[in-house]
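Note on naming: letters A, B, ... go to the chains in the order of the sequence lines (proteins, then strands), and numbering restarts at 1 for each one.
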Amino acid sequence: MRSLILRTIAPAVLHLTLLFSMFLLLYGHNQPGGGFIAGLMTSVGIVLQWIAVDEEEGRRRFNWPYEGIFLAGLALSTLTGVWGYIKGAYLKSSIYRFELPFIGDVELFTAFLFDVGVYGVVVGVVMCIFTNLCEKETQES
Amino acid sequence: MSDALAAILLLGGSFFMLVASIGLIRLPDVYCRMHAATKATTFGMGGILLGASLIFQSTTVTTQALLAIFFLFLTAPVAAHLISRAAYKRGPDLCDDTTHDAYGKYLEGRKAEEESPQRYGDA
Amino acid sequence: MPLATLAFTIATIWIFLHGSATPGHFFVGLIMALLIIRFLKKSYYQDRAFFRIGSYFRYLRSFTWELLIANVQVLKIVLSPKLSIRPGIIPYKTVCKTPLGVTMLANSITLTPGTLSIDVSDDDETIFVHTLDIDHPDEVAEGIRKGLEEPIVGAVE
Amino acid sequence: MSDARDYAIITEAQNAKPGIRFTENHSRRALVLDNTFIIVFFPFAAALIIPWFAERFRKHAAWFAMVAPLVSTWALYNLYGEWAAGGRQTFTRAIAWVPAANVEISFMVDGLSLMWGLLVAGMGALIVLYSHWYLHEHEALGRYYGFLIAFMGSMLGVVFSDHLISLFIFWELTSITSFFLIGFWSDRDASNYGATKAILITGSGGLAMLGGFLLLGDLGGEWRLSQLVLMPDIASQVSLGVFLLIILGAATKSAQWPFHIWLPNAMEAPTPISAFLHSATMVKAGIYLLSRFYPILGAHPAWGYVVTGFGMTTMIAGGLLSLRAYDLKAILAYGTISQLGLIVTFLGYGGKGAIIGATLHLYNHAAAKAAMFMTVGIIDHEAGTRDVRLLGNLKKLMPRTHILAVIAALSLIGIPPMGGFITKEMLYEVSLHPGGPGSWSWFWPYLTVFAGVFTALYHLRFLSEPYWQAAEGEAPKHPHDPPMGMLAAPAILVALALAFGLAPGLIENAIVAPAAQATLGGGAKVELHLGLWHGINTPLIMSVITMALGLALYFGFAHVKKVLDAVATAWGKAPAPNRIYDGFVNWLREGTWELLMLIQDGNLRRYMRWMFVLPTIAVLYLVWRLDWGANVFPQGFAGASFLLVVVALMIAGAALATALFRRRIPAILALGTMGYGIAGLFLLLKAPDLALTQIMVESASVVLFLLVFYYLPELKPVRVSAAKKIRDWGIAIGLGVCTTLVMAAAMNTHQFRTIADYFMRTSKPVAGFKNVVNAIIVDYRSYDTLGEIAVLVIAGIAVYALLRLVGEMKCDH
Amino acid sequence: MVWILAMIIGVLVTVASYLIMQRRIIQVVLGMAVLSHAANLMIVASGWVGDGKAPIVPKTGGPLDPFAYVDPLPQAMVLTAIVISLAVTAFLLVLAFFTYRKFGTDDIDEIRRLKG
Amino acid sequence: MNAFFPTFVVLPLAVGTFLFLVRKNRALQESVSLIALLANLIFAGVLLNATADGTIFVHRMGLWPFPYAIVLAADRLAATLLCLSSSIVGACAVFARSYLTDEQRKEAFHPLLHFLLMGMQGCFITGDLFNLFVFFEVMLISTYALLGFYYNLDQLEMAFKYTCLNLIASAFFLLGVSLLYAQVGTVNMADLAVKIKLLGPTPLMVVTALVFVFVFSVKAAIFPMHLWLPSAHSISPTPISAILAGVLVKVGIYSIIRCATLIFPAAFLILQPGLILLCLLTIAMGALGTLPQTSIKRILAYSTINQLGYIAFGVALLSQAGLAAAVFYIVGHAYLKSAMLLGAGLNQKLTGTVDLEEMGGMMGKAPFASLLMLVGFLSLAGFPPFTGFFAKLFVLQAGFSQGAVLATGIALGFGVISLYYNFTTYQRYAWGTGGGEVGAAGAGIYGSVAFLSAFAVVFGLGAYWLFEWAQLVAAQITNPELYIAAMRDLG
Amino acid sequence: MIALAVQISLVMMGASVLLAFIRLAKGPTTSDRVVAADTLATNVLGVIALFAIQTHNKLFIIAVLALAILSFVGTTVYAKFLERGKIIE
Ligand code: NA
Ligand code: NA
């Protein structure tokens, strides 16, 4: 089954979804959002795209190393904790202020890095489960 | 003035949402219901969101509301298309008053084509 | 659509999301855009076409009008004490050639009075339209051609 | 429960340390050389290394094993000297094992333990000697001697133990070692059966005894026998239950009716084992226990009835069973049971005379019965059978064995000049002047004569059927006398029996009197003047009568047998102990399956019902006790809005739809709708983060559900009876109602400001977050989040690992 | 309010436990999902003390009245619980799928080899 | 030492992640895994040594102040269980090295093992109730995966049931947390203890305590929540069974102990009669359940239920003596049962089966293996001088001396069944004539079984030291003020 | 005035939620239910927007955006599933 309409619209939705999930991730400390929500949003967007095209095409486009992504996410979160450990206690968060060109004052929370790790884990795991099940599904049929 | 407009937008939007739901109950088959569900809800949501952006008087809300509206308009028809097509393929279940069924004929033709051996015999 | 345009579009939408149009935010938006484009690299070989931002206002105006009418019509049908509809599915042969054009047309049909696109044929030429009240199928087709197809062809084809 | 319900504040545990304690001032150096320790522990140490030697030098295995009893005997001799030099005062040695819990291995040296020690160690040496000839070279000698010596150690431990727990430990060790010795020929079903039966019955008795000990120890606050005997009023404080528990231990071990049933089956053991465990030592451990507890519990009102009751029943039952047996070992085993019954009867009756009589008889019985077992072993070894019907005229074929058997049997029957005559006379004597409490003194002489007649009868049978009469069938092998070495051990025992008769002075005041004195306790003085001839007196007349009756019955045994068979037939219909045991064990093996299936039938649904119903009942019970007026109604429906009601209805409706929809897609759809409803509810409860997450999770779940559910078949309408439906709904509603009530009550019970205030106040200024929920997730409680993403990762790995198996998967159906 | 929340929870628990006691694997899995929703609601409900704003505090400093906001901690806990239940449900689904494939039936009553 | 804590969670987490990354390089994976487990054990030992003087170490996550931060705390009890878990998991990993043969399936084993360890250790050191929930889930999902990963038909069925039952328990856990939070508004255990004490044992608090009892009963396999255990422990791959029986169920008991001593002491006194009844039913269920079985592993599984009944009975006595006995029992049983399950695995290697009907005469065929089993069965049956004897003895002593004569008597009475099943199982295994030829097993297998079995003797003959420690543990946990003070002062 | 309008709107939305729900429950075809669920999701969107106005919390608008995206995904998945019984080809 293919659908011209869905195939045409899905990329736009995907871009929007990804962008929106970045937004949720980046501003989660000030508004609803955060790593989980953003991660789930990203995964759901990719899943939609995958549904719109067929399995083979989906695999070609989104053949990312999801296991690596969730492991990296976990590692990032753990290392953030270890950084806090160096600073006094495990998972102690610190805030660093930078002056960046074009953007201006930036506050970097180590907690934000932690959240990025969470994001990675969520995306990686959901997509890992999804791709594995898809593979199963296509093998079966 | 802007308050009044906002109120009208809100009430109108909600009203159309209600209409959509009534349509969902009253209309005879899934395709007709889809008409109500797609058009009226999208329209109604547009009204409510615009009303909200008028009330909040905030750039963020306005831009986000606009994005949401844009998104709804982008996706609602796609959803309608997908569902109605799926519904048709599961078993047309068109209501008794239906007069024309061009899609059914098209599908039959395609099916016959797929089954005919000549199609592959050409090569 | 060229990737640069896409990047700027994305950055603009980022501004919309955030609701404040400072250069800093725009820059962040651009970074996001680049990230997304980088990750979706493999998705772009056939779906590059987007719409030409220049000339779609005509379409938008016409579409909005049709939309209003559509909803009033739904209102009438739904709330009328006696349901008097004669629905049916008719084929509509489109002149649009690009997937984007066909899609826009089909979507517009759905959002406008009494019509709903059920499917597009395999050759991307025929849109099957479910219509709430068919007295004259030709009139319906004519309405679509005038109100929707022409502006769309003008905008994106 | 105790009153001390509040936890005591104790900063440190008791500071008692493990170690060794003496009643006198001994130097630490004495530890290694201390005789009590050598007596008990040397056998254990030897048991650990004997297998190695035995397997390596198979021909000489016994000689390695022999070292242990000899060393113990030597140490015993030294200890005796030490004890005698110390004015025969009781003294103790203790190793505090777990002092805080009153666990110690401790030994008490007095007349009783010395006598028993001598019995066990001496007998051990003879058994090893005998085993050397009895066992074949290819058998598992290491295991045999290892367990045999370990058993001897345990038995020595039992008789020397001072502390109750110590006594119990060695007591159980005798059970284990006897289990392995009974099951020595482990590939025989009968051995397995006998071993199980023995361990089950004696082990259970042991557990009962442990219960009794624990309660007794708690009661007196004293766990040492040497101290307990000094508490004269303890017997009156001991409840009947505790008393019975302790007696139960003794009764099972010494095979008292109806617990005697294990003993005949235990005869599957190699004969030296039977001689050692089942005639001379282990079965007498119960007697030992009664002797030990006589000064402690003898004054208990139930002592007389219970102990005597056990004894008499056992004596009669054992005698009758012995008369009906055809296996020589069974004849002896039942005879042993009967004799044990007699001894117990006397212990139960109590009083100085009875105790002395019992002690003497016990001593004599041990020697004579062990010798008889050994002769049976010889017959078995030489003839290949123990069935008296297949054996005959052994008097001619095995003259030496015959002589030993005759002397041993006559000793037990009580014919002069054997030691048995002296003890028999002693028993008659005390039966005439029992000296104990109670008004049935007229009964005792008759009872004793009765027992004597029985004894005579089955021992005559033991002699006549294999030795004197002709065989009814054919023995597998043609028997003849064994090598002299094999006769050595029984010969020594027989010689001892004879020596005791001819010169009782050798041991009467050195060994027996102190034992009896210790049994009587409370500073009683016992002096014995035993002799074969005391002139013509009532006991002698009683002896003559016994003999006459015994011979008469023996010659008319055909008639006796008929009577016995009739009795047996009648009895066969009653629930005999053996049938109860077999029935119980069968139920354990097979009947429990049905019981298990009531609960654990593998049906997940049943498990679920269990899991739902019980908490519900418990919670309902507690909910019933809630103060509803105060707890629940104050806030009632306040704060509810129209919107909330709508959302609530939507959630509830969708939930019900999930349960009621018969098809899967609508059910999943309803679930999704419920999820969206809950997201809405979260929003109404001012939880935007939650609402967002809920929506996302819902969508992701839908994808997963649909991916997987493609494979699962359509829900078919299953015929479910109305009753089952009602039951399921009933359980479900019960749980739901409970939850509602409890949640409502809890929500009205806010007693404290929550810790969240802190998060609210510090979120922006300290952590830098406006979104407090996010601050909690990634900062305040990021550790939770770390665990949570670990869960996600593990789920990912798990699914990955499961699905790697795709290629291997074959559908089994 | 208290009662409405409590009743929603009660209904969810009822439905969940009913579903869990049914014969089909699908129903069991659905029941588990409903139960996890119920559990999440319980925690949110435990923080409910009345009306308040969403726990997103203003940028400007100054003393802040915690009473004006709803309790954020249960929300954070539920967030954790939701994600955990997502992971576990996903796993359970895969397991259910395999069980079905291997046994060739999704009838719980038939899938009971492991008696005792 | 306070700073040392996160190791117990972070090390297994990091190692597990790494091991999954290098899953294709089996040799590297195994050696890193074993080295990490050894390191973990050493750390646990160091911590145990440090808690001996009564210090309670705490670590505030993120340095937030006392009741607000997630506080990790290790008292003697926690340190004991940490040592226990890491040593048993280590032995099982060594065992698995030569036991699990299918290379393809092994790749997820070591990572999951470390995650499981992380979950268990997280449970032991956390001082926060909700965090306990999280680590319960970490632990559980690892076990779900480990139960299923080496799968066959039976394992799938079992894993599905296990997962379902535990999911219900998790939901109840959240119910409990919400009831508590609604009443006292905190989740820190010490803070909870303080506030609940102020509130007193209201009926609602008793209900709350009851909910937690049910939740932890599922993990601790207390009747009727034990239903998952027999299949899970007998069907899962042997190294996993050993961990499940040895440590995992102890996590449930540990949590009950924390509830009984720290969080709800007053409510537990009200619940006590019911608890004792449940314990006795557990004892009965476990004892009777062993009888009709023919698989050694299944018998051991039911015997675990039986033993857990005794352990829980010790806890339910709610006295210092009872708790000391329970702690002693926990340690003794952990090593013993893991040893025996690994022993069953050893026999499976030797004979290719765990079914007693197809086995027999092992005493002659494999003397060392049957000696190891003998030690185990004797200890299980409660015979001196092995640890099982002392464990039972201490529980019974505690019961009798507290005056719970009837209940303790019943518990003692079921010793008869225990006696029966242990001896007959040993007989069917070691005696008789059944069974065929026996194969060989690797040194790692024998070594790990012998290592764990040795504890049955060491803690039997050396019962004094373990009991002294158990008493120290009990003294510390029955005085919750110490725990509260440690958290408050450092927090 | 706004407050009143919001109240009235909420009542209408409530009614429409209930109506959509009735269709969800009644079916008769699964497609009908999917349409109903889709409508329901959109209704929830409206409720959220109105609720945002009522509580004057502009942050809830983000939820509207997110839900809009996700309900589309959900509907797509259902439609795909309905058509072929599976969602990935
Ligand atoms: Na979290
Ligand atoms: Na066997």
Side-chain angles (χ1 to χ4, degrees), chain B residues 3-4 6-15 17-25 29-31 33-34 36-38 40-42 44-45 47-49 51-53 55-56 58 60-61 64-65 67-69 71-72 74-76 78-91 93, chain G residues 1-6 8-24 26 28-32 34-36 38-43 45-47 49-50 52-53 56 58-62 64-69 71-76 78-84:
Chain B
D3 271 11
I8 289 165
L9 279 171
L10 287 186
L11 288 170
S14 311
F15 180 64
M17 298 287 259
L18 183 60
V19 165
S21 296
I22 295 172
L24 211 55
I25 296 292
D29 67 4
V30 65
Y31 312 97
R33 289 173 197 144
M34 197 83 71
T38 310
T41 54
T42 318
M45 266 317 290
I48 294 175
L49 284 171
S53 54
I55 290 164
F56 278 109
S58 139
T60 316
V61 172
Q64 284 176 355
L67 269 181
I69 293 170
F71 192 83
L72 282 171
L74 194 64
T75 57
V78 184
H81 145 68
L82 289 171
I83 296 173
S84 53
R85 187 172 74 164
Y88 196 95
K89 287 187 178 169
R90 274 175 83 83
D93 279 334
Chain G
M1 180 164 64
I2 296 289
L4 183 67
V6 169
I8 295 169
S9 303
L10 277 176
V11 171
M12 285 195 279
M13 295 304 291
S16 107
V17 164
L18 288 181
L19 289 173
F21 194 81
I22 289 169
R23 178 52 72 202
L24 179 77
K26 269 173 69 179
T29 66
T30 308
S31 318
D32 283 305
V34 174
V35 177
D38 191 34
T39 312
L40 213 52
T42 319
N43 282 333
L45 280 182
V47 171
L50 290 171
I53 298 168
H56 213 80
K58 58 185 178 183
L59 292 174
F60 289 177
I61 299 294
I62 290 177
V64 175
L65 193 48
L67 183 54
I69 295 176
S71 77
F72 174 62
V73 175
T75 311
T76 312
Y78 276 112
K80 280 280 221 179
F81 190 85
L82 286 183
E83 191 166 333
R84 269 294 162 85

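- For the pair G/Met12 and B/Leu11, the minimum side-chain heavy-atom distance is below 4.5 Å.
- Annotation: maximal heavy-atom pairing with chain G below 4.5 Å, among B/Ile8, B/Asp29, B/Thr41, occurs at B/Thr41.
- The line from CG of G/Asp32 to CG of B/Leu24 is 7.5 Å long, rounded to the nearest 0.5 Å.
- Checked against ring pair (Phe, Tyr, Trp, His ring centres under 6.0 Å), B/Phe56 has the following partners two or more places apart in sequence or in another chain: G/His56.
- Residue G/Ser71 does not touch chain B at all, counting heavy-atom pairs closer than 4.5 Å.
- G/Ile2 and B/Ala7 get closest at one heavy-atom pair: CD1-N, 4.2 Å.
- Comparing B/Met45, B/Gln64, B/Arg33 by heavy-atom pairs within less than 4.5 Å of chain G, the highest count is held by B/Arg33.
- Looking at heavy atoms from C-beta onward, B/Ile48 lies out of side-chain contact with G/Ser9 at the 4.5 angstrom threshold.
- In this structure, chain B has heavy atoms under 4.5 Å from both the backbone and the side chain of G/Ile69.
- Neither the backbone nor the side chain of G/Leu40 has a heavy atom closer than 4.5 Å to any heavy atom of chain B.
- Put simply, of B/Val61, B/Thr42, B/Ile25, B/Leu49, the one with the most heavy-atom pairs under 4.5 Å next to chain G is B/Ile25.
- You'll find the side chain of G/Thr30 reaches within 4.5 Å of the side chain of B/Arg90, heavy atoms only.
- Of all non-hydrogen atoms in G/Leu82 and B/Ala86, the two that sit nearest each other are CB-CB, 4.0 Å.
- Comparing B/Gly44, B/Ser14, B/Ala79 by heavy-atom pairs within less than 4.5 Å of chain G, the highest count is held by B/Ser14.
- Heavy atoms closer than 4.5 Å to chain B are found in both the backbone and the side chain of G/Thr42.
- Side-chain contact between G/Thr39 and B/Ser21 is present, with at least one heavy-atom pair separated by less than 4.5 Å.
- Under the salt bridge (charged side-chain N to carboxylate O under 4.0 Å, His left out) criterion, G/Arg23 pairs with no residue, sequence neighbours left out.
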